[in-house]
Amino acid sequence: MKPQIAELLSAALDQLKHAAVLPADVQPRIQVDNTRDKTHGDLATNLAMMLAKPAGKNPRELAQLLVDALPRSSLVQKVEIAGPGFINFYLSEESTSSLVRAVLEAKDQYGRSNEGAGRKVQVEFVSANPTGPLHIGHGRGAAVGDCMCRLLEATGWDVTREFYYNDAGQQINNLALSVQARCKGLTPDDASWPEDGYRGDYIKDLAESFMRGDTVSSEDQSFTGTQDADDLEGIRHFAVAYLRNEQDLDLKAFGVDFDVYFLESSLYTDGKVEAAVEKLTANGHTYEDGGALWLRTTDFGDDKDRVMRKTDGGYTYFVPDVAYHLDKWQRGFVRVINEQGADHHSTITRVRAGLQGLDVGIPQGWPDYVLHQMVTVMRGGEEVKISKRAGSYVTLRDLIDEVGRDATRYFLAARKADGQLTFDIDLARSQSSDNPVYYIQYAHARVCSIFRKLAEAGQTWELETGLDALSALTLDSEKELMVKLGRYPEVVRNAANNNEPHLVSNFLRELAGDFHTWYNAEKTLVDETDLRNGRLTLAEAIRQVLANGLDLLGVSAPQEM
RNA sequence: GCGCCCGUAGCUCAACAGGAUAGAGCAUCGGCCUUCUAAGCCGAGGGUUGCAGGUUCGAGCCCUGCCGGGCGCGCCA
């Protein structure tokens with residue numbers, strides 16, 4: 001409804017310019033806001049206050065001129081000037097009814113748009129090293145990243161979900177050595193346990209599986225344990241495949257699917273790392289010093305230059321990352337979003353610097369980053385740090401098992417990514433009013449229940465007569481609910497454009513709250529036919545929006561609870 | 001020391017491009033089930049938005065300086 005109101009204002013502006021009340025060259029951004037207080041109408045604009053200075057008039061006087069110049073519209077019931085110069089719009093019954101109609105005609109498409117116009121966007125998220133189980137931090141990345149993808153899809157983008165495996169670094173050697181040590185019966189407490197070895201119980205499970213001769217397969221590889229504790233290469237491949245498989249199972253249980261699993265090792269075998277280094281050198285952005293090859297990242301805003309190739313000949317970690325992002329660019333992604341933990345934020349400057357140094361037309365701020373802060377887990381009022389399985393952190397699987405997929409996803413995605421997150425296990429698993437997930441789901445189930453009762457009573461509801469019957473809804477609470485439904489598409493748009501899924505969960509929480517209040521105050525299945533049909537229509541529209549929003553969060557919308 | 005993020009009710013968090021009287025939930029206290037699911041509703045108390053300046057018609061939001069917390073600052077990934 002905002003664009004329609006903005007259009008009316010735009011027409012009024014033109015008229016005032018024509019009448020020389022306003023200078024012809026002012027081009028204000030016409031801002032239409034939702035009102036917080038219903039005594040301020042349904043929508044409001046600050047336009048008169050913005051233009052008071054160029055017009056040389058006081059805001060309220062200008063507001064009156066704008067209102068007088070406003071074209072007549074059946075969408076608006078009433079316009080008022082209030083406060084320092086706000087113009088408040090009260091929507092007509094015709095326009096609120098049209099909002100409900102829009103929901104029920106579009107159904108599961110309501111709120112979706114085609115802003116992305118089919119452009120390609122790639123979202124890289126989770127990207128955990130294949131050296132252990134996924135922990136709750138990865139869970140936050142998975143939830144936020146997947147919700148961002150759903151939002152981008154809902155706004156017309158062609159989305160690729162991608163997981164980058166760092167399977168080429170030193171940590172893989174440490175993993176292999178740790179498993180080998182377990183195969184040989186060592187424990188982390190032994191003196192000969194590898195330095196920097198992985199100590200968690202899962203290493204023991206892994207070693208036992210290898211020595212049993214199990215076969216493990218992941219997306220694109222399959223290995224059988226050779227049962228030979230001296231076969232370090234075999235152990236390495238087996239361990240990576242095993243842990244990738246574990247992670248895949250966790251992600252599947254979390255409802256997250258990736259389109260592409262990209263292996264860091266492939267960048268080496270395909271020569272892409274070497275090619276990127278050569279290009280940077282050819283472009284004159286590198287120099288040798290102390291036996292190492294450096295990238296002059298200070299040319300691109302870094303505070304000091306960075307080593308690319310170490311004296312031992314190996315590349316530092318960000319070099320394959322640059323090659324990887326060049327590859328993304330070459331695959332045609334105009335927009336790339338990397339969702340990762342904030343502890344990696346220092347890589348951003350380096351990767352972008354490397355990409356600029358390649359000089360292949362990549363825009364300066366590319367790619368985008370969404371960084372999430374740490375998660376702490378609370379149980380019984382105390383911080384939980386230890387998982388038996390992983391040894392040092394709470395695993396995603398522990399959480400899904402204990403709390404459930406819906407609540408885990410909701411809690412991890414319902415907060416702004418920047419800013420630390422406290423995950424309260426007791427709250428998340430409580431099946432009571434404490435729990436916002438159930439609160440929203442319950443609203444959905446309640447509407448379903450109303451329709452079941454309707455059928456039990458041998459009555460029916462039908463869309464067209466239902467929409468006509470909306471005129472029987474005269475309560476303020478009902479009008480407010482309709483207006484709120486009308487805000488949903490804008491919420492989706494904002495959430496998608498800003499990579500902020502939590503806007504959706506906030507909105508759903510509010511909508512569910514308004515619904516519960518209305519439900520408790522007013523009976524839906526009343527005898528009077530028009531009133532009943534009108535309320536059923538509104539209830540169904542609410543149900544539809546709740547279902548659509550929950551889907552964007554990857555949370556189920558149960559029919560009954 | 002430098003860089004990034006955060007600081008809002010006792011706790012966990014909101015506040016849509018700078019808009020009107022800063023909102024929810026939990027916790028606390030008091031009410032509501034012969035009525036469509038009480039996983040719900042209604043009401044009460046609770047705040048100098050870390051501090052101090054600045055920008056402007058208007059600041060939780062923007063700027064500067066402090067204070068406090070997190071993360072990072074490697075020829076580790």
For rA20(B), is there a stacking contact with Phe86(A), counting only centres under 5.5 Å and planes under 30°? yes
Pairing check on rA39(B): which nucleotide meets the Watson-Crick or G-U wobble criteria with it, both distances under 3.5 Å? none
Counting any heavy atom closer than 4.0 Å, what does Ala445(A) reach on the DNA or RNA strands: base, sugar-phosphate only, or nothing? base
Would you say rG74(B) has OP1 or OP2 under 4.0 Å from some side-chain N or O of Lys304(A)? yes
Could you let me know what rA15(B) is paired to, Watson-Crick or G-U wobble, both distances under 3.5 Å, or none if it's on its own? none
Sort out the partner of rC61(B) for me: Watson-Crick or G-U wobble, both distances under 3.5 Å, none otherwise. none
What contact category does Ala457(A) fall into here, base, sugar-phosphate, or nothing, at under 4.0 angstrom with non-hydrogen atoms? nothing
Looking at every strand, decide which applies to Glu490(A) at a 4.0 Å heavy-atom threshold: base, sugar-phosphate, or nothing. base
From the list rA39(B), rG72(B), rA20(B), which nucleotide is the closest neighbour of the side chain of Ser346(A)? rG72(B)
Pair of N/O donor and acceptor under 3.5 Å linking rA77(B) base with Asp167(A) side chain: no
Arg309(A) and Tyr315(A) have their tightest heavy-atom pair at NH1-OH, 3.4 Å
Just compare rA77(B), rA20(B), rA39(B) and give me whichever is closest to any side-chain atom of Asn166(A). rA77(B)
So, do Tyr439(A) and His516(A) have ring centers that fall under 6.0 Å from each other? yes
Between the base of rC16(B) and the side chain of Asn34(A), is there any donor-acceptor pair under 3.5 Å? yes
Under 4.5 Å between any side-chain heavy atoms of Thr460(A) and Leu454(A), yes or no? no
Please work out if His344(A) contacts a base, only the sugar-phosphate, or nothing of the nucleic acid, heavy-atom cut-off 4.0 Å. base
Asp343(A) has its side chain closest, among rG72(B), rG19(B), rC36(B), to rG72(B)
rC73(B): pairing nucleotide in any strand, Watson-Crick or G-U under 3.5 angstrom: rG1(B)
Lys53(A) side-chain N/O to rU56(B) phosphate OP1/OP2 under 4.0 Å: no
Going by heavy atoms in the side chains, are Pro367(A) and His325(A) under 4.5 Å from each other? yes
Under 4.0 Å between a side-chain N or O of Arg29(A) and OP1 or OP2 of rA17(B)? no
Gln373(A) has a side chain; which of rC36(B), rA39(B), rG70(B) sits nearest to it? rG70(B)
Taking rA17(B) as the reference, what is the distance to rC61(B) when you measure between their P atoms (whole Å, please)? 16 Å
What does rG68(B) pair with, Watson-Crick or G-U, if both distances are under 3.5 Å? rC6(B)
Using a cut-off of strictly less than 4.0 Å, decide whether Arg532(A) has a side-chain nitrogen or oxygen near OP1 or OP2 of rC36(B). no
When you compare the protein's N or O atoms with those of nucleotides 9-13 of chain B, which come within less than 3.5 Å of each other, and at what distance?
unit_1	atom_1	unit_2	atom_2	d
rU12(B)	O2'	Arg415(A)	NH2	3.3
rC13(B)	OP1	Gln420(A)	O	3.2
rC13(B)	OP1	Thr422(A)	N	2.9
rC13(B)	O2'	Arg415(A)	NH1	3.0

Need one value for Asn88(A): base, sugar-phosphate or nothing, where a base atom within 4.0 Å counts as base even if backbone is also close, heavy atoms only. base
Nearest-angstrom distance, P atom, rG30(B) to rG69(B): 39 Å
Side-chain N or O of Tyr439(A) less than 4.0 angstrom from OP1 or OP2 on rC41(B)? yes
Determine the interplanar angle of the Phe423(A) and Phe411(A) rings, folded into 0 to 90°, and report it as parallel if under 30°, tilted if 30 to 60°, perpendicular if over 60°. tilted
Thinking salt bridges, do Lys484(A) and Asp514(A) make one under a 4.0 Å N-O criterion? yes
Base, sugar-phosphate, or nothing: which does Glu522(A) touch, judged by heavy atoms less than 4.0 Å apart? base
Is rC33(B) syn or is it anti, if syn means the base angle is within 90 degrees of 0? syn
Which listed nucleotide (rA77(B), rC57(B), rC41(B)) is nearest to the side chain of His516(A)? rC41(B)
Which one, rA39(B), rC71(B), rC75(B), comes nearest to the side chain of Met374(A)? rC71(B)
Give the intermediate values and the outcome of side chain to side chain contact (heavy atoms under 4.5 Å, CB included) for residues Leu175(A) and Leu243(A). CA-CA 10 Å; Leu175(A) 172 69; Leu243(A) 288 171; 3.7 Å; yes
Cation-aromatic face contact Arg487(A)/Phe507(A), 6.0 Å, 45 degrees: no
When all nucleic acid strands are considered with a 4.0 Å heavy-atom cut-off, which category describes Glu560(A): base, sugar-phosphate, or nothing? base
Base, sugar-phosphate, or nothing: which does Leu371(A) touch, judged by heavy atoms less than 4.0 Å apart? nothing
Test for a donor-acceptor pair under 3.5 Å between the base of rC41(B) and the side chain of Thr517(A), counting only N and O atoms. no
Please measure how far the P atom in rG10(B) lies from the corresponding atom in rG45(B), and state the result in whole Å. 15 Å
Donor-acceptor pair under 3.5 Å, His345(A) side chain vs rG3(B) base: yes
Have a look at Gly291(A) and say if it touches a base, only the backbone sugar-phosphate, or nothing, with a 4.0 Å heavy-atom cut-off. nothing
With a 4.0 Å limit, can you tell me whether Lys310(A) has a side-chain N or O closer than that to the phosphate oxygens OP1/OP2 of rA77(B)? yes
Considering only heavy atoms and no angle criterion, is a donor-acceptor pair shorter than 3.5 Å present between the side chain of Tyr317(A) and the base of rA77(B)? yes
Should His40(A) be listed as having a side-chain N or O under 4.0 Å from OP1 or OP2 of rU21(B)? no
Between Asp426(A) and Arg379(A), is any pair of side-chain heavy atoms under 4.5 Å apart? yes
Please tell me which of Phe318(A) and Asn46(A) maps to the more 5' nucleotide of RNA chain B, matching each residue to the nucleotide holding its nearest heavy atom. Asn46(A)
Closest to the Tyr519(A) side chain: rA38(B), rC41(B), rG19(B)? rA38(B)
Nucleotide nearest Arg509(A) when distance is taken to its side chain, options rG25(B), rA20(B), rC36(B): rG25(B)
Scan every strand shown for a Watson-Crick or G-U wobble partner of rA44(B), both distances under 3.5 Å, and answer none if you come up empty. rU28(B)
For RNA chain B, whose closest nucleotide is more 5', that of Ala342(A) or that of Gln559(A)? Gln559(A)
Which nucleotide, rA20(B), rC57(B), rC36(B), lies nearest any side-chain atom of Lys453(A)? rC36(B)
Pair Glu456(A) + Lys453(A), salt bridge at N-O below 4.0 Å: yes
Shortest side-chain distance from Arg36(A), nucleotide among rA22(B), rA38(B), rC71(B): rA22(B)
Can you tell me how far C1' in rU34(B) sits from the matching atom in rU21(B), rounded to whole Å? 42 Å
Side-chain contact test, heavy atoms from C-beta onward, threshold under 4.5 Å: evaluate it for Leu267(A) versus Phe262(A) and give yes or no. yes
Should Phe300(A) and Leu355(A) be marked as a side chain to side chain contact (heavy atoms under 4.5 Å, CB included) after you check the CA-CA gap, both sets of side-chain angles, and the distance that decides it? CA-CA 10 Å; Phe300(A) 306 100; Leu355(A) 292 171; over 6 Å; no
Think Thr316(A) has a side-chain N or O under 4.0 angstrom from the OP1 or OP2 of rA77(B)? no
